[in-house]
Every structure is written in C-alpha cells, then in structure tokens.
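Quick notes on the structure that follows.
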Amino acid sequence: MNIERLSFRATERREEVTGLWAYPVGATHTLVLSHAASTNIEHASMVAIAEALYAVGIATFRYNFQYMEKGGGGLDGRRTCYEAVRSAVAKAGELSDLPRLAGGRSFGGRMTSMAVAEQPIEGLSGIVFYAFPLHSAKKPSIDRAEHLADVGLPILFLSGKRDALAEMHLLKPVVDGLDQATLQVIGMADHSFKVLKRSGITEEEVQRIAAEAVREWANGNWQLEK
C-alpha cells in the first residue's frame, strides 16, 4: 500500500496534524477516517481498516485529532474535533476529486456525525461508522444517537454482534428509524472488531467483510446482509 504522509491545519487556532493518504489505482471513493479515543492513525486497528479498503479500491485519508498529535492525554473539546473533521474532509478534496465519505473508528465516527449534524460539510456524500459507540459499556442507552436524525446524509453502520458499546437490540431500531441508514452486522466481532478463535473467522476476514460492505454501499448497493 502506497502511503503519503502529510500535515495540515486542523483548526484556525492550533498546530498542524498528521494525515496519511493512501490512493489505490482505480479508486472509486475517498473515505476520510478518524481514530478511536485512545488510539491514533498508526494504531493497528486503523492500519487494518486502511489496508482492507485499499484492497477493494477505496482511497483513505486518515488524520489525527489534535490531542492525539500531542501524544494523547485529555480529549479535545467537541468544537475542536468538529473543526478537525471539516478540515480533514476539505483536505481530502484537495488531494483528489473522488466522491468523499467520512467517518472513523468509534469516537472518531461519532465526532464526524456530530460535526455534520451541527453544520453540513460541503462535498461530503455519506458517513461510515466503524463500531459506532451507541452507549458506554454496561450502560445501555440510545442518547448518543439523537443527533443522527440531523445528519441528512446516507450512513453506513459496521457493527459486530459482540459490541458492548452498541448492543444490537438497541442499535437495530436506531438504524431502522433513520431515513438513509444501513446496518452491516460484522458477525461475532466486538467493538474493536476482534473475534473469538472458535468463531472460525480471522480478524483479517472481518476487515475484508467490512471493506467490501463499504464498497457495495458506496456504489449504491444498500441491501447488505443483516
């Protein structure tokens, strides 16, 4: 996978952050990806997502939030995260004229949809959640989904049956209640897309299934396997 490392200004007030641009030959879309709360764009989970998408012809632009660029610690405020999302989508548009999607792993995906719900992002065609964090562990709720009705874009949820932060009996009604939402259940994967050995499927296969779902959904085939 050919990767270009670059930096860009995530907000008007803060330093630049790192982005990783991977563009496969014949790519059909770009997916702008942000990381989970405690990881960064070079974490194994983000590498696995990018590699699987590359293999199915989806370009990726991974970017760090400012707090992670500094090595972690406390999260940025929501407004700062929203600015980073908007800046990353705009930067991806400078890199390629491919149709742009945006989302990310867990926290990153949620910050993306909240940014869009607050203010539409020009040039954005849809949102992809890799394990949307519907609620905290052992605290089932759908409060974090309230903003999704204001997104106004097609949304793809990729979620495993063992995800402790998105219990399926709560997530499915949320998806069904949205006008342009699609759910792809990723077998017995957990919130990190890890699977039990006895499941008979590898983590690489989990990522392949997710990537193929993104490709099919992005190309207009929304009737994915539940």
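Note that the numbering runs from 1 along the sequence shown for the chain. Owing to the predicted nature of the structure, the values given are computational and were not obtained by experimental measurement.
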**Asked** Aromatic rings Phe193 and Tyr130: how do their planes relate, parallel, tilted or perpendicular, breaks at 30° and 60°?
**Response** tilted
**Message:** Would you call the rings of Phe107 and Phe65 parallel, tilted or perpendicular, taking 30° and 60° as the class edges?
**Reply:** perpendicular
**Item:** N/O donor-acceptor pair under 3.5 Å between Arg162 side chain and Lys194 backbone
**Value:** yes
**Message:** Can you pull out every side-chain hydrogen bond (donor to acceptor under 3.5 Å, both in side chains) where at least one residue sits in residues 136-149? Sequence neighbours excluded, please.
**Reply:** Ser113-His147, Ser136-Arg144, Ser141-Asp143
**Message:** Could you walk me through whether Val185 and Met168 satisfy the side-chain contact (heavy atoms from CB on, under 4.5 Å) test, starting with their C-alpha distance in whole Å, then the side-chain angles of each, then the deciding distance to 0.1 Å, before giving a yes or no?
**Reply:** CA-CA 9 Å; Val185 178; Met168 199 57 64; 4.2 Å; yes
**Asked** Step by step, would you call Ile49 with Leu33 a side-chain contact (heavy atoms from CB on, under 4.5 Å)?
**Response** CA-CA 9 Å; Ile49 290 171; Leu33 284 166; 3.7 Å; yes
**Residues Ile3, Tyr54; criterion side-chain contact (heavy atoms from CB on, under 4.5 Å); working and verdict** = CA-CA 10 Å; Ile3 300 175; Tyr54 192 94; over 6 Å; no
**Sole residue of Leu178, Ile127, Leu124 in side-chain contact (heavy atoms from CB on, under 4.5 Å) with Val151** = Ile127
**Asked** Can you tell if the side chain of Tyr82 reaches within under 4.5 Å of the side chain of Met111, non-hydrogen atoms only?
**Response** yes
**Message:** Tell me whether Val174 shares a hydrophobic cluster with Leu183, the cluster being built from Ile, Leu, Val, Met, Phe, Trp, Tyr side chains joined at under 4.5 Å.
**Reply:** yes
**Item:** Heavy atoms from other residues, nucleotides or ligands near CD1 of Ile142 exceed 12 (cutoff 6.0 Å)
**Value:** no
**Item:** Criterion side-chain contact (heavy atoms from CB on, under 4.5 Å) on Thr18 and Glu42, from CA distance to verdict
**Value:** CA-CA 10 Å; Thr18 301; Glu42 297 184 88; 5.7 Å; no
**Message:** Using side-chain heavy atoms (C-beta onward) and a distance below 4.5 Å, is Asn64 in contact with His35?
**Reply:** yes
**Nearest-0.5 Å distance that lies between atom CG in Leu98 and atom CG in Leu31** = 11.5 Å
**Prompt:** Considering the options Thr112, Val32, Leu53, Leu158, which one meets the side-chain contact (heavy atoms from CB on, under 4.5 Å) requirement together with Val128?
**Reply:** Leu158
**Audit row: Glu212, Arg208, salt bridge (charged side-chain N to carboxylate O under 4.0 Å, His left out) steps and yes/no** = CA-CA 6 Å; Glu212 290 177 349; Arg208 177 185 56 78; 3.3 Å; yes
**Expected output: side-chain Arg86 to main-chain Ala115 donor-acceptor under 3.5 Å** = yes
